[in-house]
Every structure is written in structure tokens, then in C-alpha cells.
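The basis for the numbers below is simple: all heavy atoms, side chains too, and nothing from hydrogens, waters or symmetry mates. As the structure lists them, so they are numbered: ligands from 1, and atoms in each ligand from 1.
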Amino acid sequence: MTRRSQQKLTDDRLFHIASDAEIIGGAVTDVYFTRTLQVLSAKRIAKPVAVEVAVKRLPGDWPWGVLAGVEECAALLSRLGRRINVWAMPEGTVFRPDEPVLVVEGIYNDFGAYETAILGLLCQASGMATRAARCKRAAAGRPVISFGARRAHPALAPMIERSAYIGGCDGVSVVAGARRLGLEPVGTMPHALILLLGGSVEAAQAFDQVIDRRVNRVVLVDTFSDEKVEALRVAETLGRRLYGVRLDTPASRRGDFLRILQEVRWELDLRGFSHVKLFVSGGIDEDEILRINSVVDAYGVGTAISSAPVLDFALDIVEIEGKPIAKRGKLSGRKQVWRCAKCLSSRVTPLRQAPGRLCRCGGRPEPLLQPLIVNGRLSASLPSPHHIRTRVLEQLHRLNAQSASREA
Ligand code: PCP
């Protein structure tokens, strides 16, 4: 028997993913942490510490991030014993570099090895939620649907869809992801259907005959011929039942995509099909959204969200036995992050220092780091993805208002 099949027999998992038990059991850790615990144990060192999780910088020119992954961190950290206390920004909070988003207090030996998992739960989900928020903000009220689960390991699909949704996406395409969010999955039709039925008109007719009437009829119009020709054909076929057309035009044909979209819009309107919406997907990100917003009604965003840059969170000791201490480049001592709920200005202060006046807008400074786990137990029920998303959209609205007032 080969070593691999032996491994398959001993490790009865089909896919190369860690189980809940391996994550909670501390197996998903960098080995230098297990060696550190070995040394601490041998030297009988078990000191109470405070650690902070923060980013020093964000990807590209991103001025802010959207925090995601807090619920999974709570699930992990509330299973590590009663000596752990955790403070966190609420999931969905807009944060900036050098603002601690999570603080853990306890005996280092109890949780130090979980740094790998804690950061992993926050870095990837926050990157996706931030990119989704950037796309949603760029779309200026137009629906943005998460289409990107196919770019990642299928085990991550529910996390990807949740991150996209709490970041502001209006819908998600993966069935398992939508179900966990209490949503109906959103999608149109793949090129495969049109190829198998022989054309976009045939696919539109068959889809309209077979699929539940509550599902919007959105027909893909870039498979064989020019988008405006196919759009008119399906509009003439389905008439008022046609909700929209999707343009997923391949790069080899995309050329001036805005111009193509303008032509489709013009020809549809000219012939009385102004009710037909334009749905766009394929290589869409926040920059492309800003470029084509004038003629687009809704977006499907895949890779830009599901393969978003991870946010570079680091976990650092800032106190040992109650005394401030930190490595070079890190400010020591426990901190609080104060936020003006009105204008989203913020300030980081030493934990027991009052924030003073944050801004001129008159909003009251509120402490962002709230108890998440007290003596090893969850301190309160956690918000639903819907509530988190609503809060993200509300913060984006305030960021827009701030940008507008600065530009005025
Ligand atoms: C892709 C599929 C995805 C879209 C594009 C996401 O088109 O529709 O949902 O693209 P993005 O990752 O670049 O944002 P195809 O690969 O042509 O797949 P299909 O024929 O199934 O639409």
C-alpha cells in the first residue's frame, strides 16, 4: 500500500482542509509556537499577557478596512478555558491602520499557539469584506452579487459568501453560502446552457419555461454573436418577462466595454425594451464599476472579492504581567480606539486615557473595543450577518458624506 493511500486510510478526510477539531485543538499552528510552549513549560514560565491584533498598512491605497472573522474568532477563543478575556471591535467595523481590532488577555501559554488560526480567521475574511465594501460603495446603490466562490477551495465557499455579504454585497451565488445566510442564492445562466441549447434565444425560452417564475429572467448575451444583436433577440422573445441581459464579454472581444454597453442600452431603449436591465460580470472590480456605472444596473463580482488581498494583521504582546512592553515598531500598553459615530473620525489612546475631542462634527466619541469574551465565555450574543451588513452600509454612507464634505 502506498504511503499516500495509507495516509488516506488514516486521515479519512477527502479534502485537504483542517477539521474544526484540528483548529480548536491547536494543530493549525506554526511549529515555532509549539516549540515556544515547550520552552515555557520546561522553564516553568506562565505569564499573564495582553496581545493586540492590528494592521500596520492596508493593501494598495486602501484608507480603511472592514473587519470580518470576529464570529469565528469568538468560536475559537471561547473554547480555550476560563482564563481568557477578549475585547474586539464589532464585526463589520470600518477600521484604519494601527487601530487594534482585537485584544486578548490571559496566560500566554493558554492561547499563544492559536496566533496562526486567529490571524487566519481575520486576514482573509476582512480582505474579502473590504473589497466587497469598496465595490458596493463604487456601485453607488446598484446591486453587487458575489460570484467568486469558484476561485477558492470549495470548503471556504460559505466563508467567502458571508464575507462578501457582510461587506455589502446584495446577494451571493453559492447555494450552501446563501442557505447559511438565510438568503435565496442569486445567479443568471452560464454559457454552458446556451451552448447546449443552441443559442441565447433557445436558452431564454427553455429557462423561462422551466425555472420558477420568482427567479428573474436574466439572459447571457455574449456567447455567439454581438451583444446588442443577442440582446434584441432575447428581448423580442421574452418581452416583458425579460428582466435583464448579462454581458460577461470575454477579454478577447471586450475592447471598449463601455461603448458596447451603451450600444446595447441604446438599441433596447429604441425598441421599447427600456425595462430590460444590464447586468455585467467578468473581471469587475471597484475601478471598472466606476468606469461603467452610467449604463449598468447590477454587477456580478467574482475574483476581485474572493481573491481579494488578505489584510496584513499582526498579533503582538503589548503587556506582560500588567506592565507595558512591545517589540520595536509597536506601541506598548493596552489601548482603546475611540470613534465618532457621526463622521467616523477615530483616535487610539492608552486604555485609561479619555479621548478628548476627536473632531468638529459634534459626534460623541464611542469606544470601539468591546468585551467579546469574559472569563472564557462569550459576553453577549453576536450580531447576524444581516445586521453586520446593514452597519457596514451605514458606515460607507458616512464615509461618502465625509468625502463629499471634504470635496465641497
Ligand atoms: C464567469 C462567471 C463568473 C463571472 C465570470 C465572474 O464567466 O460567469 O460568475 O468573473 P470574475 O471572477 O472575473 O469576476 P465564465 O467563466 O464565462 O463562466 P460562465 O460561463 O459559467 O458564466
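- Residue contact annotation: G282 has a non-hydrogen atom under 4.0 Å from ligand 1.
- Remark: the R246 side chain and the S281 side chain contain an N/O donor-acceptor pair separated by less than 3.5 Å.
- Both tests pass for R334 against the ring of W87: distance under 6.0 Å to the centre and angle within 45° of the axis.
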* Could you go through the side-chain contact (heavy atoms from CB on, under 4.5 Å) check for V104 and L102 one step at a time? => CA-CA 7 Å; V104 183; L102 184 102; 4.0 Å; yes
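- Of the protein's non-hydrogen atoms, F147 CD2, 2.9 Å is the one closest to atom 9 (O) of ligand 1.
- Close contacts of ligand 1 with R151, meaning ligand atoms under 4.0 Å from a residue heavy atom, involve 10 (O), 11 (P), 12 (O), 13 (O).
- Counting only heavy atoms of the protein, atom 18 (O) of ligand 1 lies nearest to R150 NH1, 3.4 Å.
- At most 12 heavy atoms of other shown residues, nucleotides or ligands fall within 6.0 angstrom of atom CZ in R35.
- Looking at G283 next to ligand 1, an N or O pair under 3.5 Å apart turns up.
- Applying the 6.0 Å contact sphere to NE2 of H275 captures more than 12 heavy atoms from other residues, nucleotides or ligands.
- Distances from atom 7 (O) of ligand 1 to the heavy atoms of D248, T188, I194 put D248 nearest.
- Closest to atom 14 (O) of ligand 1 among all protein heavy atoms lies G302 N, 2.8 Å.
- Closest to atom 12 (O) of ligand 1 among all protein heavy atoms lies T303 OG1, 2.6 Å.
- Ranking the protein heavy atoms by distance from atom 20 (O) of ligand 1 puts H191 ND1, 2.6 Å first.
- Remark: R217 is not positioned above the aromatic ring of Y243, lacking an NZ or CZ atom under 6.0 angstrom from the ring centre and at most 45 degrees off the axis.
- Under 4.0 Å from ligand 1, the heavy atoms of R246 that appear belong solely to its side chain.
- Contact annotation: G148 has no heavy atom less than 4.0 Å from any atom of ligand 1.
- The cationic group of R254 lies under 6.0 Å from the six-membered ring centre of F257 and within 45° of the ring axis, placing it in a cation-pi geometry.
- What sits closest to atom 21 (O) of ligand 1 on the protein, heavy atoms only, is P190 CB, 3.5 Å.
- Ring centroid separation for the pair Y108 and F33 does not come in under the 6.0 Å cut-off.
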